[in-house]
Amino acid sequence: MVLSTTPTIEGHTIREYKGIVTGETIIGANMFKDLFAGIRDIVGGRAGSYEKVLREAKDEAMREMMERAQMLGANAIVGIDLDYETIGANGSMLMVAASGTAVVL
């Protein structure tokens, strides 16, 4: 599966558009509250464990999006966009959403 944030893939012609595909992941409340608490405590450093959880959430959203594209018969996704949104009571959860256009190259 070829993945791109651009609307085209250099050197390839898009032969068919299969439609918009998405993938979503939600990170639970306690982790997200701990994330902000941990960030406040870090001065000039990186919160490696939190970055790992966010990366895993992004990877899961991308994986879900790719599975949906494959079900449509696509071999690439163009125009990929990643969004991170807080949801739930008091913004207690984080949703990672990936979207793009499934295509056949």
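For the numbers below, each heavy atom of this structure counts, side chains included, while hydrogens, waters and symmetry mates do not.
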Original post:
When hydrophobic residues are tied together by side-chain contacts of less than 4.5 Å, even through go-betweens, does M65 share a cluster with M1?
Top reply: yes
Subject >> Rounded distance (nearest 0.5 Å) linking atom CE of M95 with atom CG of D83 >> reply: 7.5 Å
**OP:** Supply the atom-to-atom distance I20 CD1 to L72 CG, rounded to the nearest 0.5 angstrom.
**Re:** 11.5 Å
**OP:** Please name all residues satisfying salt bridge (charged side-chain N to carboxylate O under 4.0 Å, His left out) with E67, sequence neighbours left out, ordered by chain then number.
**Re:** none
Original post:
What residues, two or more places apart in sequence or in another chain, satisfy side-chain hydrogen bond (donor to acceptor under 3.5 Å, both in side chains) together with T5?
Top reply: none
**OP:** Sequence neighbours left out, what passes salt bridge (charged side-chain N to carboxylate O under 4.0 Å, His left out) with K58? Give chain and number order.
**Re:** none
Original post:
So which residues get pulled into V78's cluster when ILVMFWY side chains under 4.5 Å apart are joined, directly or through others?
Top reply: V2, I9, I14, Y17, V103, L105
**OP:** Go through the structure and list residues passing side-chain contact (heavy atoms from CB on, under 4.5 Å) with T8, not counting sequence neighbours.
**Re:** none
**OP:** Report the residues that fulfil side-chain contact (heavy atoms from CB on, under 4.5 Å) with A61, sequence neighbours left out, ordered by chain and then residue number.
**Re:** T25, V96, A98
Original post:
Hydrophobic clusters join Ile, Leu, Val, Met, Phe, Trp and Tyr when side-chain heavy atoms are under 4.5 Å apart, directly or via other members; which others share one with M71?
Top reply: none
Original post:
What residue pairs, at least two apart or across chains, pass salt bridge (charged side-chain N to carboxylate O under 4.0 Å, His left out) with a residue in residues 2-24?
Top reply: E16-K18, E24-R68
Subject >> Partner set under salt bridge (charged side-chain N to carboxylate O under 4.0 Å, His left out) for E56, not counting sequence neighbours >> reply: K52
Original post:
Is there a chain of hydrophobic side chains (I, L, V, M, F, W, Y, each step under 4.5 Å between heavy atoms) that links L94 to L82?
Top reply: yes
**OP:** For T6, enumerate each residue passing the side-chain hydrogen bond (donor to acceptor under 3.5 Å, both in side chains) test, keeping only those at least two apart in sequence or located in another chain.
**Re:** S4
Original post:
So how far is it from D59 CG to L54 CG, rounded to the nearest 0.5 Å?
Top reply: 11.0 Å
**OP:** Of all the heavy-atom pairs spanning V21 and A102, show the shortest one and how long it is.
**Re:** CG1-CB, 3.9 Å
**OP:** Report the distance from atom CD1 of I27 to atom CD1 of I87, rounding to the nearest 0.5 Å.
**Re:** 10.0 Å
